[in-house]
2 protein chains.
Amino acid sequence: MELVQIYQCFCDPTRLRILHLLTQTSLCVCHFQEVLDEPQVKISKHLAYLRARDLVETKRSGNWIIYSLPSRRSAELELNLQCLQDCTVTDPVFRKDQQRLTRLQAKCCEPAGVFAKESNPFKIQ
Amino acid sequence: MELVQIYQCFCDPTRLRILHLLTQTSLCVCHFQEVLDEPQVKISKHLAYLRARDLVETKRSGNWIIYSLPSRRSAELELNLQCLQDCTVTDPVFRKDQQRLTRLQAKCCEPAGVFAKESNPFKIQ
DNA sequence: TGACTATATTCCTGTTAAAGTATGTAGATT
DNA sequence: AATCTACATACTTTAACAGGAATATAGTCA
């Protein structure tokens, strides 16, 4: 039952928040840190957990490791990600994360932004 | 995040099979035993786990304790139960459970069935 | 090469949980 | 009252996991 693995990944609040962000955009670890306001080791280990169970994929770009949802997803995963998105709409935690992500994207992509150059994770995808 | 509790309940195969059956009908512990072919203590403890997190409700009827999904469900739970049902359609384990449940219901409800009397859990609901 | 940045891994600790064995309990039956 | 049936709980063992602190590594830049 592949389903169980999906739910194991879903059953931690930090991982849920990570997955919620990934339904919006790919992200590198430091941006997860910033949006979720959690220590690097915590983020990194939850990402490793998700990666070991094929819920995320990685791509290196210079010093960054860009995390994204798998390009090819099983029907079960697709359904559950959609369901998760429906559930996050009303929850304050997810909404706040969403706002912080939007602000981070704006900051990084404005002309004088910290990551305004070619190395901007939001532009790599 | 109530969502996490839902996923914690969903992240064990036995509990998933229990919940899948409950989306079809209410059941007593001995019927879970029969359909899932698992020891009583295992079923009982997983039901206690679900009950402690408000994923199932109980009703006593003589010697039986009838388990069912909560009559009032949060939007999150409703969405995830629906998603679970969608995911179970293709999985062989759930399909087999479904068949065993159907056979059990038939056996219990035929005129000379073991539980053909007023005490039939399938008739209490 | 050496320093720096972003990220991963190892080690440790406490917590949760899964499964089995044995035992307890509430209600029904005799 | 004694027994039976259906179910629950306590206890034990083992494993998984979460979090923090410290350390390692891979790529970049001067």
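Protein chains get the first letters and strands the later ones, always in sequence-line order, with residue 1 at the start of each. All values reported here derive from a predicted model rather than from experimental measurement.
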Would B:R53 count as a cation-pi partner of B:Y49, with NZ or CZ less than 6.0 Å from the six-membered ring centre and within 45° of the ring normal?
yes
Quick one: does B:L22's side chain get under 4.5 Å of B:I18's, heavy atoms only?
yes
Within residues 50-58 of chain A, residues whose heavy atoms come under 4.0 Å of DNA chain D
A:R53
OP1 or OP2 of C:dA8 versus the side-chain N and O atoms of A:S44: is any pair under 4.0 Å?
yes
Please state how far atom CD1 in B:I43 lies from atom P in C:dA19, giving the value in whole angstrom units.
10 Å
Any luck finding a side-chain donor-acceptor pair between B:Q82 and B:D86 under 3.5 Å?
yes
A:W64 atom CH2 is separated from C:dC4 atom P, nearest whole Å, by 18 Å
If the cut-off is 4.0 Å, is B:Y49 near the phosphate of C:dA19, judged by side-chain N/O to OP1 or OP2?
no
With a 4.0 Å cutoff (strictly under), does any side-chain N or O of A:Y67 reach OP1 or OP2 of C:dA6?
no
Value in whole Å for how far the C1' atom of D:dA16 lies from OH of A:Y7:
21 Å
Quickly work out the A:Q8 CD to C:dA17 C1' distance and round it to whole Å.
12 Å
Which letters describe nucleotides 21-30 of chain C, given B = protein heavy atom under 4.0 Å from base, S = only from sugar-phosphate, - = neither?
B-----BS--
Using 30° and 60° as the class limits, which term best fits the ring planes of A:Y7 and B:Y7: parallel, tilted or perpendicular?
parallel
Mind checking what makes side chain to side chain contact (heavy atoms under 4.5 Å, CB included) contact with B:E78, not counting sequence neighbours?
B:R73
Which is true for B:F32 with a 4.0 Å heavy-atom rule: it touches a base, it touches only sugar-phosphate, or it touches nothing?
nothing
With a 4.5 Å heavy-atom cut-off, do A:M1 and B:F94 have their side chains touching?
yes
Are the side chains of A:T58 and A:I66 in contact, using a 4.5 Å heavy-atom criterion?
no
Taking only the side-chain nitrogens and oxygens of B:H31, find out if one of them lies under 4.0 Å from OP1 or OP2 of D:dA6.
no
In whole Å, what is the span from the NZ atom of A:K42 to the P atom of D:dA22?
18 Å
Pairwise side-chain contact, B:D37 with B:R100, heavy-atom cut-off 4.5 Å (strictly under):
yes
Nearest-Å distance, CD (A:Q33) to P (C:dA8)?
10 Å
Is any side-chain heavy atom of B:S68 closer than 4.5 Å to a side-chain heavy atom of B:K59?
no
Verify the contact: side-chain N or O of B:H46 to OP1 or OP2 of C:dA17, cut-off strictly under 4.0 Å; return yes or no.
no
Specify the separation, in whole Å, of atom NZ of A:K59 and atom C1' of C:dA6.
17 Å
Check the distance between D:dG19's P and A:D37's CG and give it to me in whole angstrom.
14 Å
Assert: residue with more 5' nearest nucleotide on DNA chain D, out of B:L47 and A:P13, is B:L47
Distance alone, cut at 3.5 Å: any donor-acceptor contact between the side chains of A:S74 and A:E2?
yes
